[in-house]
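Some notes on the structure that comes next.
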Amino acid sequence: MAILNVLPFAHELTRRALRPGSVAVDATAGNGHDTVHLASTVGEDGRVYSIDVQEQAVKATRHKIDTRVPDVDVRLIHGDHAALLEHIEKEDIGQVGAVMFNLGYLPRGDHDLITTPETTLPALDAALDLLQLGGVITIVLYTGHDGGPEEADAVHGWARALPQHEYRVLSYRFTNRENNPPRLLAVEKR
Ligand SMILES: C[S@@+](CC[C@H](N)C(=O)[O-])C[C@H]1O[C@@H](n2cnc3c(N)ncnc32)[C@H](O)[C@@H]1O
């Protein structure tokens, strides 16, 4: 297929923004797929911070790191991404090549524990502070669960308000697909 689905497209955008040795952040570790993608992209000379508020997600991500990318410096954090900046080494602030958000609930986990604008928006502001020039934030949004459409609206509003001379903002979605397909927003610091 010429047109990438939302998750592979988020991986492609972050791959383009990262190099071996880069610093990256997974703001919603979940089952660890995005963390493994970031870790294999930055490699042994790079560093990945990966955070999730749910113990089950931290455990699942730890297992994936240990089995797939054991030699990469991955800092796994059990906490709220609204406080992301507290967990990042000073030297990495303003030096991050990519921050990934994959919102909603943990697949095969507690579907009542969802991301919400109250913490997502502060976390997105923190992600802006982390980015280096040319760095990107990818945000995968879901609208099929209670609270999902409201969160997607809030995040779109946040992204639309970013000044165009400082950030490029992309909205990527399949407009003819049924059953609330995921959407992607991407922000690049210029
Ligand atoms: C869709 S899943 C992430 C999927 C993941 N990126 C992957 O590759 O498997 C969303 C995750 O966000 C987490 N989450 C919800 N609120 C959070 C918060 N305030 N801070 C950090 N993580 C949060 C949930 O626990 C859940 O694991």
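Whatever order the structure lists ligands and atoms in, that order sets their numbers, starting from 1. Worth knowing before you read on, the calculation uses all heavy atoms, side chains too, and leaves out hydrogens, waters and symmetry mates. All values derive from a computational prediction rather than experimental measurement.
His145 and Tyr105 have perpendicular rings, their planes meeting at more than 60° on a 0 to 90° scale where under 30° would count as parallel.
Partners of Thr41 by side chain to side chain contact (heavy atoms under 4.5 Å, CB included), not counting sequence neighbours, listed by chain and number: Arg15, Leu18, His37.
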List the steps and the verdict of side chain to side chain contact (heavy atoms under 4.5 Å, CB included) for Arg177 and Asn5. CA-CA 12 Å; Arg177 197 180 281 175; Asn5 279 329; 3.1 Å; yes
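Of the possible polar contacts, one joining the Lys64 side chain to the Asn31 backbone as a donor-acceptor pair under 3.5 Å is found.
Protein residues with a heavy atom closer than 4.0 Å to ligand 1 are Ala27, Thr28, Ala29, Gly30, Asn31, Gly32, His33, Asp34, Asp52, Val53, Gln54, Ala57, Gly79, Asp80, His81, Asn102, Leu103, Gly104, Tyr105, Leu106, Leu113, Thr115, Thr119, listed by chain and number.
Here Glu89 pairs with Arg75 in a salt bridge; the nearest charged N to carboxylate O distance falls below 4.0 Å. Contact check on Arg47 versus Glu91 returns a salt bridge, with a Lys/Arg side-chain nitrogen under 4.0 Å from an Asp/Glu carboxylate oxygen.
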